[in-house]
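What follows is a single structure, written as structure tokens, with notes after it.
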Amino acid sequence: MPDYDVLIVGGGPVGAALALALRGRGLAVGVLEARTPRAAARRDARPIALSHGSRLILERLGTWDRLQPATAILRIHVSQRGGFGRVELGADEARLPALGYVVDYDTLAAALAGALEAEGGCRLIRATVSALDGGPEAALAHFDAGAGPEQSSARLLAVADGGALPSARMQTRDYHQTVVTTRVTSAIPHRNVAYERFTPEGPLALLPMGEGLAVVWTTTPAHAQQLCELPEAAFLERLQDAFGGRLGAFRRAGACTSFPLALRVADPIAKPRVVALGNAAQTLHPVAGQGLNLGLRDAWELAGTMQALIPGEIGAGAHLRAYGARRRVDRRGGIVFTDALVRLFSNDIAPLRIVRGLGLAALGAAPPFKDFVVRRMTFGARG
Ligand SMILES: Cc1cc2nc3c(=O)[nH]c(=O)nc-3n(C[C@H](O)[C@H](O)[C@H](O)COP(=O)(O)OP(=O)(O)OC[C@H]3O[C@@H](n4cnc5c(N)ncnc54)[C@H](O)[C@@H]3O)c2cc1C
């Protein structure tokens, strides 16, 4: 008999969401998480735009209230530098209370981990996993919780480690881009509008966050390094130059954090008794803020597929095939959508600039297409 029905590797937002979704089912669930509360106190400044669909999932998991105040996005303004065409998407047109909500990664991770610890129902072990072995009846996780090497068996190992362990065969494309994040304030209030401005080096997003704005600036690795080393005034000048004057003068840049960008797709996402979800299944470019939203849907749907199973069926071939089939369209949609955006917009080829302008103009002029894009970004491909 395995030690666990489901053992989750990685208690980040996606792993914790899965554990919460499995509460109250009478299953033996464990979570192996490498970050100790002390290490978790180190700031991860990345802003996360949660879709309205993710809000619904977090409400069902009982964690939405822990995220307040999240800043609502009421409009999204998309444009390209040096080209015509722009489009505005509004929550009112989409008949949604908001197009999304901005929180920072640490707040989200702490809210989910806090709910997990407060409500019990699963065993949370602070441990670093070093290897995973799939098998016909059970899988094994090898880990160290501080007292030397240990191992636990499970009917299903759900790998939500962000892609840290080689749990699946990965297809990878290096974007040769780095994203820089920081915080600024602007002379003109943001009025809950999120801006996405495409530049030849990559997209520049300004997301409303509290009274200020979170900057998510994709550029070349060399430029990113330069930006992070600039004194505050020089950084703000570069930002102003890239974004323009729509929000007036920018002030006060917070600390810079940078992340190299690559597309990583697990194919297949499952092997005997082991399945990848969240960033372990697909790590996307942050261009459209899809990665975590997609990961939360992975967690929600994986828990859903276990609802009608007896414990003996969990992690078996039929279960993992059913899960893979259920997630195929949504995963594929997220991967293709973000990858196409990056490839179409991150260049300065004149004919493509015109195509982009025409595309943005058409999107602005065609309400059904706009509605499709908003629903796609809100609920995924199954929305
Ligand atoms: C700059 C930036 C902006 C982004 N903005 C958005 C956005 O607006 N919207 C959106 O939806 N997505 C966004 N994303 C993507 C989002 O951050 C990821 O999709 C999300 O964090 C994935 O969650 P996860 O739980 O799968 O993995 P992670 O967040 O990476 O969590 C993995 C967890 O596993 C643990 N772990 C790792 N290795 C081990 C091990 N060996 N043993 C035990 N535990 C381990 C880690 O400590 C961590 O807690 C953004 C990404 C970046 C870089």
Side-chain angles (χ1 to χ4, degrees), residues 7-19 30-37 39-40 42 44-51 53-55 57-58 70-71 73 76 99-106 108-110 112-113 116 124-132 141-145 157-167 175 177-182 194 196 202-205 207 209 214-218 224 256-264 266 276-299 334 338 377-378 380:
L7 183 55
I8 302 166
V9 178
V14 172
L18 174 62
V31 178
L32 294 162
E33 167 54 43
R35 286 219 298 181
T36 58
R42 276 202 307 271
D44 184 331
R46 95 181 72 164
I48 300 288
L50 293 168
S51 67
S54 290
R55 173 184 172 160
I57 292 178
L58 293 167
T71 308
I73 299 175
I76 300 178
L99 290 172
Y101 303 87
V102 186
V103 294
D104 69 62
Y105 178 90
D106 280 341
L108 177 65
L112 285 158
L116 208 56
L124 178 59
I125 306 162
R126 302 283 172 192
T128 301
V129 178
S130 54
L132 310 169
H142 303 266
F143 61 91
D144 189 337
L157 279 185
V159 186
D161 64 348
L165 285 163
S167 59
Y175 285 121
Q177 290 180 333
T178 294
V179 62
V180 169
T181 68
T182 188
E196 181 103 42
L204 165 62
L207 306 176
M209 203 168 182
V215 178
V216 186
W217 190 348
T218 305
C256 253
T257 317
S258 65
F259 305 80
L261 298 177
L263 172 67
R264 300 178 75 239
L277 65 160
N279 267 30
Q282 63 276 320
T283 303
L284 308 182
H285 194 291
V287 59
Q290 293 287 292
L292 187 52
N293 292 303
L294 193 53
L296 286 177
R297 297 198 291 274
D298 285 348
T338 53
M377 291 177 71
T378 305

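Both counts, for ligands and for their atoms, begin at 1 and track the order of listing.
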Which segment of [X] sits under 4.0 Å of ligand 1 when only heavy atoms are counted:
X	answer
Val179	side chain
Leu32	backbone
Ala280	neither
Tyr105	side chain
Ala34	both
Pro47	backbone

What atoms of ligand 1 come within less than 4.0 Å of a heavy atom belonging to [X]?
X	result
Ala127	42 (N), 43 (C)
Asn279	18 (C), 19 (O), 20 (C), 22 (C), 26 (O)
Gly10	34 (O), 35 (C), 44 (N)
Thr181	1 (C)
Ala160	32 (C), 33 (C), 34 (O)
Gly162	27 (O), 30 (O), 32 (C)
Val14	23 (O), 24 (P), 25 (O), 26 (O)
Gly291	10 (C), 11 (O), 12 (N), 19 (O)

Minimum heavy-atom distance between Leu7 and Ala141, given as atom pair plus value: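 Residues Leu7 and Ala141, closest heavy atoms: CD2-CB, 4.0 Å.
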Determine the minimum heavy-atom distance between Pro47 and Met209, stating which atoms define it.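 Between these two residues, the closest heavy atoms are CB-SD, 4.2 Å.
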Apply ring pair (Phe, Tyr, Trp, His ring centres under 6.0 Å) to Tyr175 and list each qualifying residue two or more places apart in sequence or on a separate chain.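 Ring pair (Phe, Tyr, Trp, His ring centres under 6.0 Å) check on Tyr175 returns His285.
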Any side-chain heavy-atom pair of Leu58 and Leu108 under 4.5 Å: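 Counting from C-beta outward, Leu58 and Leu108 do come under 4.5 Å.
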Find out whether Asn279 and Val14 are in side-chain contact, i.e. whether some heavy atom of one side chain is under 4.5 Å from a heavy atom of the other.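 No, every pair of side-chain atoms sits at 4.5 Å or beyond.
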So for ligand 1, is [X] a polar contact partner (N or O within less than 3.5 Å, distance only)?
X	result
Gly289	yes
Leu292	yes
Leu165	no

Rounded distance (nearest 0.5 Å) linking atom [atom1] of [X] with atom [atom2] of [Y]:
X	Y	atom1	atom2	value
Leu132	Leu157	CG	CG	6.0 Å
Leu50	Arg55	CG	CZ	10.5 Å
Arg46	Asp104	CZ	CG	10.5 Å
Leu32	Ile8	CG	CD1	9.5 Å

Using the side-chain contact (heavy atoms from CB on, under 4.5 Å) criterion, which residues pair with Thr338? Sequence neighbours excluded.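 Scan of Thr338 (side-chain contact (heavy atoms from CB on, under 4.5 Å), adjacent residues dropped) gives Leu284, Val287, Ala288, Gln290.
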Please state which protein non-hydrogen atom is closest to atom 47 (O) of ligand 1 and give its distance, to 0.1 Å?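 Checked against all protein heavy atoms, atom 47 (O) of ligand 1 sits closest to Glu33 OE2, 2.7 Å.
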Side chains of Thr128 and Asp144: do they bring a donor and an acceptor to under 3.5 Å?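 No, Asp144 and Thr128 have no side-chain donor paired with an acceptor closer than 3.5 Å.
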Taking the non-hydrogen atoms of Pro13, is any one of them nearer than 4.0 angstrom to ligand 1?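 Pro13: in contact with ligand 1 (<4.0 Å).
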